[in-house]
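Positions are given from 1 along the sequence.
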Amino acid sequence: MVASSGAVPVVRQLANAAPAIGFLATLLITHDFRSATWVLVGLSVVALALSLAIERRIAPIPAFSGGAALVFGGLSLALHRNDLLQMKMTIVDGCLGAALFGGLILKRNPLKMLLGSALTLPDQAWRVLTIRYGLFFWGSAIANEIVRRTQTPEIWATFRVIAIVAAVLFGIAQFPLLRKYWREDAAEPSVEPPEPGF
């Protein structure tokens, strides 16, 4: 049975967070980065499959992030290099931020293309939202790079879970902007938070 539309965002967020939480829990219990990476890869597959089963599709950003977790996790396991997995957030969020700002420079708006069917906003609001998300992605990438280079794997894994919570809170913080420009004849706004999770 397909979950109700109201429950779908909650299930999606839990599924997106599960790999990072599973990775952290395994690392704290075993202190074995490789075992934790196997858990991450397995839960990433489950999260993508669950998203597909519930919604009959995988949203672009979670698909990109989940696919990247599988690629970087797989490379980390195959090459026995923990740093490859730790660099995933830096590379993925850096690329997402670059894509958003590059789109603005080219007078296109990738965020509007991704969310335009769910949100009815004027171009100015899309521009502000895109700049905010672009800065968030770049801020996440820089923070990840600092933490992974200066802290233990356990602290880095904890930071990854905190980053997911920060992403959700950042998405919630955009509601005043959305309500300001939201058209009264449209449905209630629902914006996806950025996805810096595994």
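Annotation for V92 and A68: closest pair CG2-CB, 3.5 Å, computed over non-hydrogen atoms. Listed here is the closest heavy atom pair of L24 and A157: CD1-CB, 3.7 Å. Taking every heavy atom of both residues into account, R127 and L104 meet most closely at NH1-CD2, 4.0 Å. Heavy atoms only, all atoms of each residue included: G94 and A141 are closest at N-CB, 3.8 Å. The heavy-atom pair separating P19 from A47 by the smallest distance is CG-CB, 4.4 Å. Closest heavy-atom contact between L43 and A18: CD1-O, 3.4 Å.
Although no hydrogens or angles enter the test, the distance criterion places no donor-acceptor pair under 3.5 Å between the side chain of N144 and the main chain of M87. Here the side chain of W126 pairs a donor or acceptor atom with the backbone of L121 at under 3.5 angstrom. The main-chain N or O of L40 is found under 3.5 Å from a side-chain atom of S44 such that the two form a donor-acceptor pair.
Using a 4.5 Å cut-off between side-chain heavy atoms of Ile, Leu, Val, Met, Phe, Trp and Tyr, with links allowed through other members, V128 and L135 fall into different hydrophobic clusters. Under the 4.5 Å side-chain heavy-atom criterion for Ile, Leu, Val, Met, Phe, Trp and Tyr, I91 and W138 are members of distinct hydrophobic clusters. V161 and I29 are members of different hydrophobic clusters when ILVMFWY side chains are connected at heavy-atom separations under 4.5 Å. The cluster map of Ile, Leu, Val, Met, Phe, Trp and Tyr, joined by side-chain heavy atoms under 4.5 Å apart, puts V41 and V46 in different clusters.
Distance check: D123 CG to K107 NZ gives 11.5 Å after rounding to the nearest 0.5 Å. The structure places CD1 of I131 at 11.5 Å from CG of L111, a figure rounded to the nearest 0.5 Å. Atom CG of L85 sits about 4.5 Å away from atom CH2 of W156, to the nearest 0.5 Å. Here the CZ-CZ distance, from R81 to F72, works out to 11.0 Å after rounding to the nearest 0.5 Å. Residue T130 holds its OG1 atom at 3.5 Å from CG of N109, rounded to the nearest 0.5 Å. For the atom pair OG1 (T90) and CD1 (I146), the distance works out to 9.5 Å, reported to the nearest 0.5 Å.
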Item to complete: Any chance you could lay out the side chain to side chain contact (heavy atoms under 4.5 Å, CB included) test for F159 and Q151, step after step, and finish with the verdict?
Response: CA-CA 10 Å; F159 161 76; Q151 303 300 321; over 6 Å; no

Worksheet entry | Full working for ring pair (Phe, Tyr, Trp, His ring centres under 6.0 Å) between F101 and Y133 | CA-CA 9 Å; F101 285 119; Y133 271 86; over 10 Å; no

Discussion item. Please evaluate residues S35 and V39 with respect to the criterion side chain to side chain contact (heavy atoms under 4.5 Å, CB included), reporting the C-alpha separation (whole Å), side-chain torsions for both, the decisive distance (0.1 Å), and the verdict.
Written reply: CA-CA 6 Å; S35 296; V39 171; 5.9 Å; no

Item to complete: Please assess L129 against Q174 for the test side chain to side chain contact (heavy atoms under 4.5 Å, CB included), listing each intermediate value before the final yes or no.
Response: CA-CA 8 Å; L129 201 59; Q174 305 316 304; 3.9 Å; yes

Item to complete: I would like to know whether E154 and H31 meet side chain to side chain contact (heavy atoms under 4.5 Å, CB included); could you show each step before the answer?
Response: CA-CA 8 Å; E154 289 80 6; H31 300 286; 3.2 Å; yes

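At least one side-chain heavy atom of L27 sits under 4.5 Å from a side-chain heavy atom of P153. Side-chain atoms of R160 and Q86, non-hydrogen and from C-beta on, never get closer than 4.5 Å to each other.
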